[in-house]
Amino acid sequence: MHYRDCSCGALRAKDVGRLITLSGWVASRRDHGGVIFIDLRDRDGITQVVFHPEQNAQAAATAHTLRSEDVICVHGKIVARLAGTENEALPTGSLELVASTLEVINRSQVPPFPMEERIGNEDLRLTYRYLDLRRPEMTANLRLRHRVTKIIRDMLDQEGFWEVETPILCNSTPEGARDFLVPARLSPGKFYALPQAPQQYKQLLMVGGVDRYFQIARCFRDEDLRADRQPEFTQVDLEASFISEEDIFSLIEKIFQKILLETRAVEIKTPFLRMTYHEAMNRYGSDKPDTRFKMELSDVSTIFTQTEFKVFAHALDHGGVIKALNAKGFASITSGQIETLTDVAKSAGAKGLAFIKVENGEWKSPIVKFFTDAQKAALAKQMNMEEGDLILFGADCFETACMALGRVRLKVAELQKIFIDHDQLAFLWVVDFPLLAYSEEENKWNAVHHPFTRPKDEDAELLLSGQLAEIRAQAYDIVLNGVEIGGGSMRIHESELQARIFGALGIDENVQKELFGHLLKAFEYGAPPHGGIALGLDRLISLLAQEESIREVIAFPKNNRGMELMTGSPSHVDEKDLRVLSIATRSKQS
RNA sequence: GGAGUCGUAGCUCAAUUGGUUAGAGCACCGCCCUGUCACGGCGGGGGUUGCGGGUUCGAGUCCCGUCGACUCCGCCA
């Protein structure tokens, strides 16, 4: 059977007069008793089909029985619409197909939700994902994802990168996220892990002389889910040899330029803004600052070196800082909102949130009584305090004070409904991350990026002298509109340095040999200097599509509890299948 | 593990201070309708108000518990 000559979005005025066959889904039926209109839909668009009973009684009679989502095939002549009945909302709106034959290929049950509007019930959408995907928004998201992926592949190919696949069944590692484990039947009691990222393999490809590698790589992390986190997600993973950070920056900037040009017809400026981690924390209280609005943090420590206010004095005595931010015109804040902001600050580790409201020419605040006139004057000047302003304070160690106010800053923007242009694209490189961070709970040093990250050359001595907190890494994140969409680093290519870092991370030599022996060994056989980056494809697409959740740009995502509702995975398996794998379960099978 | 928001018809939502038989639009079914485009008109069917308990003369509404969805914190090198 001949199903179609073109898609339902393809026909234009020039096609008038042609005899055309179309197939698709019934999007809507407008039955006038006599003439019947059908909107025929596929992924590319909608074409109006007309049935005239006086011209073709049988086709019209069948058309009368059509319902939403029936699959049909129609054949007929393309004609210009009657003057005044053109539909400018449709690209095909100047014409229609006058049906001479209609074949009903497959009837549809009444759909559980309408295709044309945005549905709030995500459960239902995920259960009937195959219907949800027919909705134009979802079709557009999948199309966008395809386009972007294709652009990335083509550009990296042009730049000399090879697409190489790395194992999905690999080894569990102690660092980082919880692994998904897969029992190894042929090695009873042993397990593979699904990769959190192809990190070690791509470095070994560099040792293998591949020189430039990339992969649209599925990654797996068994952690709790979020709107922007799925247990399996996709990274654009790449690595190159004999390069510097600058090479990575300009490559990625070039890719984004092309993506925005081709998907949005927008020319973005390069190079992107760059900011050190320290500056990002200092000014925005975040390692992924949203620079689309100002409201920057200010350091007011020097004003309060001599202060009666114990909270400030305590912070400064312990080597901390006092940070402040001016929420312009937000003195009208309610006490409930103050409480909300305080909770936000506390969730970031702050002990509280001091504030000053400037109302009717007065400073209304529980803490102003501790301030001298000189301090007030200095504060007013530095913070540019004006009638109607709200000043918020964070007093703690540098990281905590900044992070707490950084989160408060975002919450204030939300509460105050600060205007953010959603078409704006604020790209930003955050560079010079610390190499290591001390974990109080674990009582040990952890890698901020990952354990293969290269320290900055000028900070190498700090590793020898044990000033671990001071060491900066050749690591970088790329941020778009306050969302981290990728990160990478220059890597260590010397086994000696790598072993020293493992040592700093508290991984003893035996464990090093067992878990990372292959890497250390590989570095002894002429490893080239190399580095790379991984972009979070799902997040990137969701930002381009202006979606709140990455679930909107994944064909078959999992819900908050990691379940895929359409197929009902994960599910129980037979006891005998477990026996083959030498697995016994302890939880009750309900 | 913790916090918050929500849960009423297939879908989106309403239901005043606790008060009669829980409503509307869309969808669905039937009839009518020859230029609509979310066609229109008339009529009809459709409800364990997530579930369980409690208070009350009376609960969609108040209280307790529970289940589920989503958002956030923890977690995510």
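A note on names: the letters A, B, ... follow the listed sequences, proteins ahead of strands, and every chain is numbered from 1.
Qualifying ring-ring contact (aromatic ring centres under 6.0 Å, His included) partners for F37(A), counting only residues two or more places apart in sequence or in other chains: H32(A). Take D39(A) and apply the side-chain hydrogen bond (donor to acceptor under 3.5 Å, both in side chains) test, not counting sequence neighbours, and it matches S28(A), R30(A). By the side-chain hydrogen bond (donor to acceptor under 3.5 Å, both in side chains) test, S7(A) is found to be paired with D44(A), residues two or more places apart in sequence or in another chain being considered.
Using a 4.0 Å heavy-atom cutoff across all strands shown, N559(A) reaches sugar-phosphate atoms only and no base atom. Within the nucleic acid shown, P114(A) comes within 4.0 Å of sugar-phosphate atoms alone, with no base atom in reach, counting heavy atoms only. In this structure, G120(A) reaches the sugar-phosphate backbone alone: every heavy-atom distance under 4.0 Å involves primed, P, OP1 or OP2 atoms, never a base. Nucleic acid contact for M563(A): sugar-phosphate only, since backbone atoms but no base atoms lie under 4.0 Å from a heavy atom of the residue. Using a 4.0 Å heavy-atom criterion, one finds that R125(A) contacts no nucleic acid atom at all. I36(A) comes within 4.0 angstrom of nothing in the nucleic acid, heavy atoms only. At a threshold of 4.0 angstrom between heavy atoms, the contacts of R551(A) are confined to the sugar-phosphate backbone, with no base atom among them. Residue contacts shown for Q199(A) include a base, since a base heavy atom lies under 4.0 Å away. Residue contacts shown for D224(A) include a base, since a base heavy atom lies under 4.0 Å away.
Interface residues of residues 492-507 of chain A facing RNA chain B, ordered by number: none; criterion, heavy-atom separation under 4.0 Å.
For the residue pair N141(A) and E547(A), a side-chain donor N or O sits within less than 3.5 Å of a side-chain acceptor on the partner. Between the side chains of N443(A) and Y438(A), at least one donor N or O lies within less than 3.5 Å of an accepting N or O. Side-chain N/O atoms of D179(A) and Q196(A) include a donor and acceptor closer than 3.5 Å. For the residue pair Q215(A)/T166(A), the side-chain donor-acceptor check at 3.5 Å is satisfied.
With rounding to whole Å, D287(A) atom CG is found 14 Å from C76(B) atom P. Atom C1' of nucleotide A27(B) and atom CG of L131(A) are separated by 14 Å, given to the nearest angstrom. Here C72(B) presents its P atom at 10 Å from NZ of K411(A), a figure rounded to the nearest Å. G4(B) atom C1' lies 16 Å from atom NZ of K346(A), rounded to whole Å. Taking atom CZ of F113(A) as the reference point, atom P of C11(B) lies 10 Å away to the nearest angstrom. Taking atom CD of E414(A) as the reference point, atom C1' of G4(B) lies 12 Å away to the nearest angstrom. Following rounding to the nearest Å, E122(A) (CD) and U71(B) (C1') show an atom-to-atom distance of 11 Å. Atoms CG (N560(A)) and P (C6(B)) sit 17 Å apart, rounded to a whole Å.
Under 4.0 angstrom from either OP1 or OP2 of G68(B) there lies at least one side-chain N or O belonging to R561(A). Using a 4.0 Å cut-off, no side-chain N or O of R226(A) falls inside it from OP1 or OP2 of C75(B).
Pairs engaging residues 39-66 of chain A under the ring pair (Phe, Tyr, Trp, His ring centres under 6.0 Å) rule: none recorded [sequence neighbours left out].
Side chain R229(A) to base C76(B): a donor-acceptor pair is found below 3.5 Å.
If you check G35(B) for Watson-Crick or wobble pairing at under 3.5 angstrom, you find it has no partner at all. When both pairing distances are held under 3.5 Å, C26(B) makes a Watson-Crick or G-U pair with G10(B). Base pairing analysis places U16(B) opposite nothing; no Watson-Crick or G-U wobble pair with both distances below 3.5 Å involves it.
The aromatic ring centres of F516(A) and F502(A) sit less than 6.0 Å apart.
Between C64(B) and U21(B), the distance separating the two C1' atoms is 30 Å to the nearest Å. Here the separation of A9(B) from G4(B), taken at their P atoms, is 26 Å to the nearest Å. Atom name C1', nucleotides A59(B) and U17(B): the rounded distance is 14 Å, in whole Å. Comparing the same atom, C1', in G1(B) and in G54(B) gives a spacing of 30 Å after rounding to whole Å. Spacing of P atoms, A14(B) relative to G25(B), comes out at 16 Å, to the nearest Å. To the nearest whole angstrom, the two P atoms, one in U5(B) and one in G65(B), are 15 Å apart. Going from the C1' atom of C11(B) to that of G30(B) covers 22 Å, rounded to whole Å. Straight-line distance between the P atoms of C57(B) and C6(B): roughly 30 Å, to the nearest whole Å.
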- Message: As a quick check of understanding, evaluate side-chain hydrogen bond (donor to acceptor under 3.5 Å, both in side chains) for S542(A) and R551(A), giving each step before the final call.
- Response: CA-CA 8 Å; S542(A) 67; R551(A) 294 188 296 270; over 6 Å; no

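When the nearest nucleotides of RNA chain B are assigned to R407(A) and L565(A) by heavy-atom distance, the more 5′-ward of the two goes with L565(A).
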- Item | Under 4.0 Å protein heavy-atom contact, by nucleotide of nucleotides 28-40 of chain B - B base, S sugar-phosphate only | SSS--BBBBB-B-

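When each of Q498(A), Q203(A), E239(A), Q474(A) is paired with R491(A), the side-chain hydrogen bond (donor to acceptor under 3.5 Å, both in side chains) condition holds for E239(A) and for no other.
Between K346(A) and K351(A) there is no side-chain heavy-atom pair separated by less than 4.5 Å.
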